[in-house]
Amino acid sequence: MSETEKKTGLSRREFLKDAGLVVGGATVGSMAFLSSCTKTVTTTVPGPGTTVTNTTTTTVTSPSGGSNRFICPVDGSEYSSLSDLQSHFANHHPFALATNLTTLSINGTDYTMNVDDMDTLSFVLRDKLGLFGTKVGCEMGQCGACTVLVDDVPIFACLVLAIEVTGKKITTVEALSDGTILSPLQQKFYDNDAFQCGYCTPGFIMAGEGLLKTTPRPTAAEVRLAISGHICVCGNIRKVVESITGGV
């Protein structure tokens, strides 16, 4: 325990724990809320001569355990395949297809939505789906805060267009914890105090997760190479390296 902790009687880790915070920048409550809201995310946008609902629909499994179904957010009709939903849109809601209807597989859930050709993956994750664990810092691929896994490979989400990752498996920091129990790597970060302001932490964790998938017991040198594209303004790199080195 540091001298500061001795004087106050409350460690920073205990404060974060008491406040309900978890590694990744989200509260336990908000992460549980996100995990429960996997039906449909919609926003209202103006359309030619009317108001339409922007397509942001998840693939939903029927209560009986049957096949997935796709829900039209404009009129609520249901379809068993994406092609059927696309056909329905083309025939009944052509005005709503101002952008591309795309399906992204994120944290084990398929999201079908309108995605503009120039929408970055970080923009879609945060602004369309409300997955705020992925942070946006420099938006130039220089800070690493927006790191996610695409087919288990760490990438900077601010430099990748959403349409480029169609059909690939996307994993964000929200997938690591169920909102109550941290993942092994998150727990090591927590135990080592490997964060200060916490803004860069999700990026470091996702880079670490990507490294551990190929190198389960990395050396400190391998960890430093893996996180070389990341910046911690608080200067807590040493503890980050210690948390990933040796694996979990």
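- Neither Ile106 nor Leu159 shares a network with the other; the hydrophobic side chains, linked directly or stepwise wherever heavy atoms of I, L, V, M, F, W or Y lie under 4.5 Å apart, form separate groups for each.
- Taking both residues in full, the closest heavy atoms of Ala226 and Ala207 are given as O-CB, 4.4 Å, listed atom of the first, atom of the second, then distance.
- For the pair His230 and Cys200, the minimum side-chain heavy-atom distance is 4.5 Å or more.
- The two residues Lys213 and Leu149 come nearest to each other via the heavy atoms CE-CD1, 3.7 Å.
- Proximity of Thr245 to Thr219: side-chain heavy atoms (C-beta onward) are nowhere separated by under 4.5 Å.
- Between the side chain of Asn236 and the backbone N or O of Asp193, at least one donor-acceptor pair lies under 3.5 Å.
- Between the OH atom of Tyr111 and the OG1 atom of Thr102 there is a distance of 15.5 Å, given to the nearest 0.5 Å.
- No donor-acceptor contact under 3.5 angstrom links the side chains of Tyr79 and Ser81, judged on distance only.
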Can you check side-chain contact (heavy atoms from CB on, under 4.5 Å) on Phe204 and Phe189, steps first, answer last?
-> CA-CA 10 Å; Phe204 277 113; Phe189 268 68; 4.1 Å; yes

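- Put simply, the side chain of Ile155 does not reach to within 4.5 Å of the side chain of Thr147, judged on heavy atoms.
- Between Thr172 and Met206 the shortest side-chain heavy-atom distance does not fall below 4.5 Å.
- At least one side-chain heavy atom of Ile244 sits under 4.5 Å from a side-chain heavy atom of Val240.
- No donor-acceptor pair closer than 3.5 Å links the side chain of Asn107 to the backbone N or O of Glu174.
- Going from atom NZ of Lys168 over to atom CG of Leu104 covers 11.5 Å, rounded to the nearest 0.5 Å.
- Neither Phe156 nor Val124 shares a network with the other; the hydrophobic side chains, linked directly or stepwise wherever heavy atoms of I, L, V, M, F, W or Y lie under 4.5 Å apart, form separate groups for each.
- In this structure, Thr166 and Thr103 approach most closely via the heavy-atom pair CG2-O, 3.5 Å.
- Leu121 places a side-chain heavy atom less than 4.5 Å from the side chain of Ile170.
- For the pair Tyr199 (side chain) and Val136 (backbone), a donor-acceptor distance under 3.5 Å is present.
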Take Asp119 and Leu161 through the side-chain contact (heavy atoms from CB on, under 4.5 Å) test and state the conclusion after the steps.
-> CA-CA 6 Å; Asp119 284 347; Leu161 297 178; over 6 Å; no

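- A single hydrophobic cluster is seen to contain both Val241 and Val248, as judged by linkage of ILVMFWY side chains at heavy-atom distances under 4.5 Å, directly or through other members.
- In this model, a donor atom of one side chain and an acceptor atom of the other lie less than 3.5 Å apart for Asn192 and Ser243.
- Put simply, the side chain of Thr215 never gets that close to the backbone of Leu212: no donor and acceptor are under 3.5 Å apart.
- Gly137 approaches Cys143 most closely through the heavy-atom pair CA-SG, 3.8 Å.
- Counting only heavy atoms from C-beta outward, the side chains of Val173 and Gln186 approach each other to under 4.5 Å.
- At least one donor-acceptor pair closer than 3.5 Å links the side chain of Asp116 to the backbone N or O of Met118.
- Remark: Lys135 NZ to Arg126 CZ distance equals 6.0 Å, nearest 0.5 Å.
- Side-chain atoms of Asp178 and Thr180 include a donor-acceptor pair closer than 3.5 Å.
- Scanning all heavy atoms of the two residues, the minimum distance from Ile237 to Cys232 falls at CD1-CB, 3.8 Å.
- Expressed to the nearest 0.5 Å, how far CG of Leu182 lies from NZ of Lys188 amounts to 14.0 Å.
- Rounding to the nearest 0.5 Å gives a distance of 14.5 Å between CZ of Phe123 and SG of Cys146.
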Lys169/Asp152 under side-chain contact (heavy atoms from CB on, under 4.5 Å): CA gap, chis, key distance, verdict = CA-CA 8 Å; Lys169 182 181 70 173; Asp152 293 335; 3.2 Å; yes

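- The backbone N or O of Leu225 lies less than 3.5 Å from a partner atom in the side chain of Ser228, making a donor-acceptor pair.
- The shortest non-hydrogen separation linking Thr171 to Val148 is O-CB, 3.4 Å.
- In this structure, Val160 and Thr120 have side chains that are not in contact, with every pair of non-hydrogen atoms separated by 4.5 Å or more.
- Here the CG-OG1 distance, from Asp110 to Thr112, works out to 6.5 Å after rounding to the nearest 0.5 Å.
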Checking side-chain contact (heavy atoms from CB on, under 4.5 Å) for the pair Cys197/Cys234: CA distance, chi angles, key distance, verdict?
-> CA-CA 7 Å; Cys197 77; Cys234 299; 3.8 Å; yes

